[in-house]
Amino acid sequence: MNFFGSNPFSLHSSSTFLAEDILIKKILLTHDPDGRRLDSELLLCATENVMSYTATSEVLVSSFHIDAIAEKDISKIEVIGAEESLGQIIHKILNEMLFKNAGEGDLHARTMILFDLLGKYRWDAKLALILAAFATSYGEFWLIMQLYPHNPLAVSVAMLKQLPNDLSMLKPRLKALSKLVKTMVAVTKCIIKFEGLPLRYVKLDDEAMAIAKSHIYIAAYWITRSTLACSSQITDLIAMKPEQVSSNQTALAVWQLSSLVYRLSSLYSHLNRQVDFCHQQIETRLHQKLLNIFQEAHADNQEVLGVLLALKDDLPLKNSSTQEKLGVSELKDKVVVLLVSEPELLPLEGLFLLVHQTYNHLSHKNLDESYEIVWVPISFSDKWTEAEAERFNLLSNSLPWYSLRRPWLLNSAVVNYIKQVWNFKCDPLMVVLDSQGMVTNSNAIDMILIWGAKAYPFSSSREKQLWKEENWTLKLLVDEIDPLLTRWVEEGRNICIYGSENQDWIREFNDKMKESRSVGVQIEMVYVGSRHRSEHVRQILATINEEMHSSLFSFTKLHFFWIRLESMRRSIFRLGQSIISDHIQEEVSSLLDSTAEGWAVIGRGSTTDIVKLQGRKAMECLTKFSEWGGNVMKLGFFGALRSVLEAPPIPGPCNHSNIIPYAEGLVEEIAVCNKCKRPMESYVVYE
């Protein structure tokens, strides 16, 4: 049967509709998809690149160019579920295309053979493979013609194939051929767009679905048939003698190709309109689904993650360390932290701290993969730029957590939801979903920067609990920033953390501290610069290292210290005063608002023995060390310092007593009276 062969321009007669119904039934008999899939967008992008090089000396940028930038190596396209490689499949299709029998009516039979060959694939994959096979043949022809006569190898191959020396007489035919190819690509993109709709999660009306599919079946047939017609045109050019290149033959070929362009253009018009209608219906329903999905109970997190991340890609994730493509099933039964940011993510120091507090944190190893972080980059541009894509590739291949594989494929409804409902502006968010997919924290980034993996499961309630358990201690101030400093805190050492941008004050302060250390006072010195982390601070740090050999922190660690403090203030502000003690709030604000002149925080281990001194006060105390240093043996350095800072409110002893019940193993320590601030004598009382 010669479907539409005699009059390709009559699309709407009753006989045509009847023929279409018969044709659709025949096509559907060949269609038996078994889950095989490939990246049809990226494959079509590669096909377009071939076509653009044949059409002009300049490379045309396709609408899928971001994928080309992001993946570069087309050879990495996998045909999932097939035993053969992509190259083998394309070669097999090409063999069928080049097999030609005489007669126009034969095109239909050859078209159906291709449908039989590709019956296990989805519609978008069928067409992407067929066009890719044609592009290899078409590209080889043009590669030889463009190199001829400048390349000896091209000349020899052209002579063996007996290709025409002069293509000027064939320009009308080649122009019609190029136009048909562009039309086929446009219709294929439309089909890819429909196949990419998240129909697994959001349903279309039955009528809209039926109309769209009917258009797709007919369009797929005519794209396949047109590809065979184009392939025949290329075959005709081989061994064509000059006398055969007549105007009549050229006119006939142009008419045949133009008739196919007309038919496909008409199909494109109907299909594109219907796909746009389906897309709008899906977007509306998806928006409503997103609003409802976090209010519903779920057995696990798979539907929620599927709607958020896997609407256009069954394997939306990649493991940065292995580059493995992964589905959302990898996240089942886990707490999932969605790190939402722009493609640039964070300043490097903030990024390093985030990695340090999660992947490198001591508590991370004990959680046995109970949680995963997934980076979800979102661009504020209408379309992703090349710079954004390159930046994303660089970072996503370096980070220790999962990331979206092709974030530019995120559904627009999902992007709008994240921006509007989750209030994503510019600053990064870490939205926490529990193992059932419910949002337990709308932004956990501050608590993670403060406590790291210890904050698991990163819920808002866990953040409140952590603050209720906290006291203002050195442990809170420097927790896990540096392993040596952490060990000092655990060992209960005296530690002085100081900051300033005034190099003269820093020198004087260190000299005063050396005097106290020279008489046996054990205290560790840690310089942290200032909140602004300027280049001047970097130079001071180098000077301290060189002159005083007392700098523990690198410039990056200085950033860690201040970033954590800023996170503390934001967390405190967000949770409110009812959760966090006034003392912690005051101390955090005091440090962040400190002047550049100088300050020092002196404390002991993980106890609440901690005091902050502004620059002048610190100098006054250290200058009088000869007066109060004698108390160090009795009270310890911190106790002696506190006794001089907190002057006795009364002239003599207050005779106040403090009874401590005996307990086995109790270590006798010097106690300081809370009223008169003098050392207390110890007695044993029998009752």
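Residue indices begin at 1 and follow the sequence shown.
With contacts defined as side-chain heavy-atom distances shorter than 4.5 Å, the pair K26/T30 does not qualify. Side-chain contact between L433 and L305 is present, with heavy atoms from C-beta onward closer than 4.5 Å. For the pair Q288/N292, a side-chain contact is recorded, criterion being any heavy-atom separation below 4.5 Å from C-beta on. In this structure, the side chains of S137 and L94 come closer than 4.5 Å at one or more pairs of heavy atoms. A 4.5 Å side-chain heavy-atom check between N49 and C45 finds at least one atom pair inside the cut-off. Within the 4.5 Å cutoff, side-chain heavy atoms of M209 are placed close to those of F194. Put simply, the side chain of K182 does not reach to within 4.5 Å of the side chain of M51, judged on heavy atoms. V307 has its side chain out of reach of P198: every pair of non-hydrogen atoms, C-beta onward, lies at least 4.5 Å apart.
At distances below 3.5 Å, not a single donor-acceptor pair connects side-chain atoms of S214 with backbone N or O atoms of A210. D21 contributes no side-chain N or O that, together with a main-chain N or O of L23, makes up a donor-acceptor pair within less than 3.5 Å. Checking side-chain atoms of Q88 against main-chain N and O of S85 turns up a donor-acceptor pair under 3.5 Å. Between the side chain of D300 and the backbone N or O of Q302, at least one donor-acceptor pair lies under 3.5 Å. Remark: the backbone N or O of S381 is not paired with any side-chain donor or acceptor of T385 at under 3.5 angstrom. Between the side chain of E48 and the backbone N or O of V185, no donor-acceptor pair lies under 3.5 Å. In this structure, R405 contributes its side chain and L315 its backbone to a donor-acceptor pair below 3.5 Å. With hydrogens and angles ignored, the 3.5 Å screen pairs a side-chain donor or acceptor of T111 with a backbone N or O of L107. The backbone N or O of L174 sits nowhere less than 3.5 Å from a side-chain atom of S178 that would complete a donor-acceptor pair. Within the 3.5 Å criterion, the main-chain N or O of Y268 finds no donor-acceptor partner in the side chain of N272.
Ring geometry for F392 against W408 counts as perpendicular: the plane angle is over 60°, on a 0 to 90° scale with 30° as the lower cut. Under the 30°/60° scheme for interplanar angles, the aromatic rings of F115 and Y221 are found to lie parallel. Between W123 and Y217, the two ring planes are tilted [angle within 30° to 60°]. Classification of the F134-Y138 ring pair by plane angle, with boundaries at 30° and 60°, yields parallel.
Under the 4.0 Å criterion applied to side-chain N and carboxylate O atoms, K325 and D39 are not assigned as salt-bridge partners. We find that K189 and E41 are not joined by a salt bridge, their nearest charged nitrogen and carboxylate oxygen being 4.0 Å or further apart.
For K193, the NZ atom counts as densely surrounded, since its 6.0 Å shell holds more than 12 non-hydrogen atoms of other residues, nucleotides or ligands. Residue K175 qualifies as open at atom NZ: its count of foreign heavy atoms under 6.0 Å is 12 or below.
Distance check: I293 CD1 to L286 CG gives 9.0 Å after rounding to the nearest 0.5 Å. Between the CG atom in L38 and the CG atom in L86 there is a gap of 7.0 Å [rounded to 0.5 Å]. We find the CD1-CZ distance between I223 and R263 to be 13.0 Å, quoted to the nearest 0.5 Å. From H31, atom NE2 reaches atom CG of L118 across 11.0 Å, with rounding to the nearest 0.5 Å. Atom CD of E344 is separated from atom OG of S379 by 8.0 Å, given to the nearest 0.5 angstrom. Rounding to the nearest 0.5 angstrom, the gap separating the CD atom in E96 from the NZ atom in K92 is 9.5 Å.
The two residues S265 and T183 have their closest heavy-atom pair at OG-CG2, 3.8 Å. Between C230 and M184, the closest heavy-atom pair is SG-CE, 4.0 Å. Closest approach of P316 and L309 over heavy atoms only: CB-O, 3.3 Å. Heavy atoms only, all atoms of each residue included: I378 and V340 are closest at CD1-CG1, 3.9 Å. G81 and R36 make their closest contact through O-CG, 3.7 Å (heavy atoms, listed as atom of the first residue, atom of the second, distance). Pairing each heavy atom of Y121 with each of K126, the nearest pair is O-NZ, 3.1 Å.
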Set out, in order, the CA-CA distance, both residues' side-chain angles and the distance that settles side chain to side chain contact (heavy atoms under 4.5 Å, CB included) for I282 and L199, then state yes or no. CA-CA 8 Å; I282 287 289; L199 300 177; 3.8 Å; yes
Side chain to side chain contact (heavy atoms under 4.5 Å, CB included) assessment of L410 paired with V376: CA-CA 9 Å; L410 267 183; V376 183; 3.7 Å; yes
Between Q233 and Q256, does a side chain to side chain contact (heavy atoms under 4.5 Å, CB included) hold up when you go through it step by step? CA-CA 10 Å; Q233 291 288 336; Q256 290 173 336; 3.9 Å; yes
Residues D124, T188; criterion side chain to side chain contact (heavy atoms under 4.5 Å, CB included); working and verdict: CA-CA 7 Å; D124 58 326; T188 302; over 6 Å; no
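Checked by atom type, the side-chain pair S396/K318 shows a donor-acceptor distance below 3.5 Å. Remark: the W401 side chain and the S320 side chain contain no N/O donor-acceptor pair separated by less than 3.5 Å. Between the side chains of N411 and E283, at least one donor-acceptor pair of N or O atoms lies under 3.5 Å.
The cationic atom of K289 (NZ for Lys, CZ for Arg) does not lie both less than 6.0 Å from the six-membered ring centre of Y417 and within 45° of the ring axis.
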